[in-house]
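Working notes for the structure below.
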Amino acid sequence: MDKYEDYLLKHYGRENSFKVPDGYFEDFAQNIMSQLPEQKAQIVELRHSWSSRLRKMVAAAVIGIVAVGGAYYAFSGDDGSNKAAVAHSNITPTASQTIDQMADYTMMDNADMYAALTDY
């Protein structure tokens, strides 16, 4: 044991020095409530000012503009300006090339493919 812990045990022992009077927690809530001052219920009216309404309308307008602009950008058709970047080929890949491409895409080795095929 640590020397400080030994010192504390010799001088104070293992006895719990924190004690609660009998029946203290039985009427605890009632005792606390009786000590609180009486207060009258307050009714609070919520009023919306023009500035808060204006802020909400501006925020809704900005969200609407962003949504419409995003939809226009997303659904606008290709105008053909980047045809040089897209290469189309009429060559159809064979079955083994397709399986090789799938294996590369899914990063499967032979054992994984055998296991996948035996599950069905």
Side-chain angles (χ1 to χ4, degrees):
M1 277 197 224
D2 192 46
K3 66 179 184 176
Y4 298 114
E5 190 173 345
D6 287 336
Y7 175 79
L8 291 173
L9 287 175
K10 286 178 185 175
H11 284 79
Y12 300 107
R14 292 193 179 266
E15 184 178 314
N16 188 0
S17 60
F18 299 103
K19 295 185 180 179
V20 178
D22 292 334
Y24 180 75
F25 287 110
E26 291 175 5
D27 298 326
F28 183 74
Q30 291 176 353
N31 291 338
I32 295 295
M33 293 302 286
S34 66
Q35 293 175 5
L36 292 175
E38 290 291 327
Q39 291 183 351
K40 187 177 179 182
Q42 297 177 358
I43 298 174
V44 178
E45 287 186 34
L46 298 176
R47 295 182 186 176
H48 295 287
S49 64
W50 283 102
S51 62
S52 67
R53 288 182 186 170
L54 181 63
R55 275 186 282 176
K56 290 177 184 176
M57 286 192 283
V58 169
V62 168
I63 290 171
I65 289 170
V66 168
V68 169
Y72 176 75
Y73 179 75
F75 295 115
S76 65
D78 186 19
D79 61 354
S81 63
N82 60 354
K83 282 188 179 180
V86 179
H88 295 284
S89 65
N90 293 331
I91 302 171
T92 57
T94 62
S96 65
Q97 289 173 336
T98 305
I99 291 174
D100 288 341
Q101 288 174 351
M102 282 191 324
D104 288 342
Y105 180 74
T106 59
M107 295 191 283
M108 294 176 72
D109 60 357
N110 288 342
D112 292 333
M113 280 195 262
Y114 293 139
L117 291 173
T118 57
D119 287 343
Y120 295 106

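Throughout, residue positions are numbered sequentially from 1 according to the sequence presented.
- In Asp22, the CG atom is not crowded: 12 or fewer heavy atoms of neighbouring residues, nucleotides or ligands sit closer than 6.0 Å.
- Tracing side-chain contacts under 4.5 Å through hydrophobic residues (I, L, V, M, F, W, Y), one never reaches Tyr73 starting from Val68; they form parts of separate clusters.
- Considering CZ of Arg14 and CG of Leu8, their distance stands at 11.0 Å, rounded to 0.5 Å.
- Val20 and Phe28 fall within a single hydrophobic cluster, where Ile, Leu, Val, Met, Phe, Trp and Tyr side chains are chained together by heavy-atom contacts under 4.5 Å.
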